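Just so you know, these numbers use all the heavy atoms, side chains as well, and skip hydrogens, waters and symmetry mates. These figures come from a predicted structure and were not determined experimentally.
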There are 2 protein chains.
Amino acid sequence: MILKSQVEWALHCCAILAGLPEGRYLSTKALAELHGLPKEYLSKALQSLSQASLVDTTLGPSGGYRLAKPSSEINFLDIVEAVEGKARSFTCTNIRDNNPCRPAGYCDSKPCAVARVMWEADEAWRNTLRRVRLSDLVGTLSEEVPAELWQSTFEWVLKRAG
Amino acid sequence: MILKSQVEWALHCCAILAGLPEGRYLSTKALAELHGLPKEYLSKALQSLSQASLVDTTLGPSGGYRLAKPSSEINFLDIVEAVEGKARSFTCTNIRDNNPCRPAGYCDSKPCAVARVMWEADEAWRNTLRRVRLSDLVGTLSEEVPAELWQSTFEWVLKRAG
DNA sequence: GAATTAAGGATACATCATATCCGCAAATTG
DNA sequence: CAATTTGCGGATATGATGTATCCTTAATTC
């Protein structure tokens, strides 16, 4: 059970976009260079964010991406689900139905007890991600990243933001 | 991020093994028939349980599997990790290290803030699974499965348990 | 009009889940 | 002892999916 690397990419890109001044856009090219990622493939992850309405886009030179909402209104789960999908990690295939002792036509009223536990764990995972906002991440990063690096990075970004 | 179907298989098989009388074994063949699963492939899942010391095995006719500990000392996470592995679902590839603004030789003291959140969610998932014991599952099933089916299933099982 | 950008389709490749088959060693049965 | 049954591990095949690249199209800027 491994998350796509695109999840990591999307989260870091959103953290950068959160630092953009109002109304400016940052291109796939800049985001790819900043993180050392394959531009064309990163583009797919950003398209997922766009489809989920987490980011706005503009075409043409000086075009690119910006957040569609304030970073305090976007949480980790929004971003993770945009890239990874909303499907649960456990799917119940009802193998108990194959029990040769089972009377034909019998139908369970409740979902399988095994599945309920697995889904509960899935919900715990999602709830943790839901509780952390993108603005929280930016706050943590601004504290932990050395001030000079933080500043020089956003100078680098602003030079490329249209 | 999808769990292997073997996880579902292993959980249901353990629930059956938990109902075996002391000292009896149930074969892969019987477990596969009971759940309508491919015998050879189910065998791989059971081998994983064996390697994790969750079940004991015996060879020969009347051989097979039984739980290695009381069902109250086995939890969902034990079984899930035996099949799925213990690796975290999120791997941090440190893409921030590719930042062209970063001074060479710089080394983070802490793990990446993004990774910490993702790992926290992973822990929440694991904790939920850790809290549910196999004996809890058996208890729930014995309440929810119709009494006749429950009984006839274990008669079926006992006929095949060596 | 030329350059740049996001979007999306087509394609290639590697990895992994799924599945099957085989041979081996151990245990049981007769 | 001989035949059978079983778990175990290796080898192999296949399909789905993650990763990655390339190309075309439409929109935007200068």
Side-chain angles (χ1 to χ4, degrees), chain A residues 1-10 13 17 23-33 35-66 68 80 82-85 87 89-91 93 95 160-162, chain B residues 1-10 13 17 23-33 35-66 68 80 82-85 87 89-91 93 95 160-162:
Chain A
M1 190 184 57
I2 303 286
L3 290 168
K4 312 185 201 185
S5 54
Q6 286 192 342
V7 169
E8 184 186 13
W9 304 357
C13 287
L17 293 181
R24 315 273 302 264
Y25 293 85
L26 193 61
S27 70
T28 306
K29 183 160 172 280
L31 285 167
E33 278 178 24
H35 296 109
L37 301 174
K39 175 171 151 313
E40 311 270 5
Y41 192 35
L42 172 63
S43 167
K44 305 293 184 184
L46 298 173
Q47 284 173 41
S48 299
L49 296 178
S50 173
Q51 280 191 308
S53 300
L54 298 179
V55 295
D56 288 333
T57 67
T58 307
L59 290 179
S62 82
Y65 296 89
R66 71 177 178 199
V80 170
V83 171
E84 192 68 29
S89 60
F90 181 88
T91 30
T93 60
I95 58 177
R160 285 153 184 89
Chain B
M1 192 185 55
I2 303 286
L3 290 169
K4 311 186 203 185
S5 53
Q6 287 192 340
V7 169
E8 183 185 13
W9 303 358
C13 286
L17 294 182
R24 315 272 303 261
Y25 293 85
L26 193 60
S27 70
T28 306
K29 183 159 174 281
L31 286 166
E33 276 178 25
H35 296 108
L37 301 174
K39 174 172 152 307
E40 312 268 6
Y41 193 34
L42 172 63
S43 167
K44 306 292 184 185
L46 298 174
Q47 284 173 41
S48 299
L49 296 178
S50 175
Q51 280 190 308
S53 300
L54 297 178
V55 296
D56 286 334
T57 67
T58 306
L59 291 179
S62 83
Y65 296 88
R66 73 176 176 200
V80 171
V83 172
E84 192 69 28
S89 61
F90 180 87
T91 31
T93 60
I95 58 176
R160 285 154 183 88

Check: D/dG7 base within 3.5 Å donor-acceptor of B/Lys44 side chain:
no
Which part of the nucleic acid, if any, lies within reach of A/Ser43 when heavy atoms closer than 4.0 Å are counted: base, sugar-phosphate only, or nothing?
nothing
Counting N and O atoms only, with roles assigned by atom type, does the side chain of B/Glu84 sit under 3.5 Å from a partner on the main chain of A/Met1, one being a donor and the other an acceptor?
yes
A/Glu33 CD to C/dT4 P, straight-line distance once rounded to whole Å:
13 Å
When you check the phosphate oxygens OP1 and OP2 of C/dA6, does a side-chain N or O of A/Thr28 lie under 4.0 Å from one of them?
yes
Which heavy atom of B/Val83 sits nearest a heavy atom of B/Ala10, and at what distance?
CG2-CB, 3.7 Å
Quick one: OG1 on A/Thr57 to CG on A/Leu46, what's the gap to the nearest 0.5 Å?
10.5 Å
Between C/dC16 atom C1' and B/Gln6 atom CD, what is the distance in whole Å?
12 Å
Is any side-chain nitrogen or oxygen of A/Ser50 closer than 4.0 Å to OP1 or OP2 of C/dA7?
yes
Whole-Å gap separating P (D/dG18) and CD1 (A/Ile2):
12 Å
Quick one: is A/Ser5 getting a side-chain N or O under 4.0 Å of the D/dT19 phosphate, OP1 or OP2?
yes
What nucleic acid atoms does B/Tyr65 come within less than 4.0 Å of, heavy atoms only: base, sugar-phosphate, or nothing?
sugar-phosphate
Could you check which of D/dC8, D/dT19, D/dA27 has an atom nearest any side-chain atom of A/Lys4?
D/dT19
Describe the nucleic acid contact of A/Gly64 in one word from base, sugar-phosphate, nothing, applying a heavy-atom distance below 4.0 Å.
sugar-phosphate
Among D/dT6, C/dA6, D/dT19, which nucleotide sits nearest the side chain of A/Thr57?
C/dA6
Mind calculating the distance between CE (A/Met1) and P (C/dC16) to the nearest angstrom?
15 Å
Contact nearer the 5' end of DNA chain C, comparing B/Thr58 with A/Gly60:
A/Gly60
Exam field: side chain B/Arg160 to backbone B/Ala30, donor-acceptor pair closer than 3.5 Å
no
Just the rounded figure in Å: distance from P of D/dC8 to CG of B/Leu46.
8 Å
I need the minimum non-hydrogen distance between B/Ala82 and B/Leu49, along with the two atoms involved.
CB-CD2, 4.0 Å
Mind calculating the distance between CG (A/Leu42) and P (D/dC22) to the nearest angstrom?
16 Å
Starting at CD of B/Glu40 and ending at P of D/dG9, how long is that distance when rounded to a whole Å?
15 Å
Between A/Gln6 and A/Ser48, is any side-chain donor less than 3.5 angstrom from a side-chain acceptor?
no
Please report, rounded to the nearest Å, how far the P atom of D/dT19 is from the CG atom of A/Leu3.
10 Å
A/Pro61 side chain: which of C/dT4, C/dT18, C/dA27 is closest?
C/dT4
D/dA20, C/dT29, C/dA19: which one has an atom nearest the side-chain heavy atoms of A/Tyr41?
D/dA20
Among D/dT28, C/dA7, D/dG7, the one nearest any side-chain atom of A/Leu59 is D/dT28
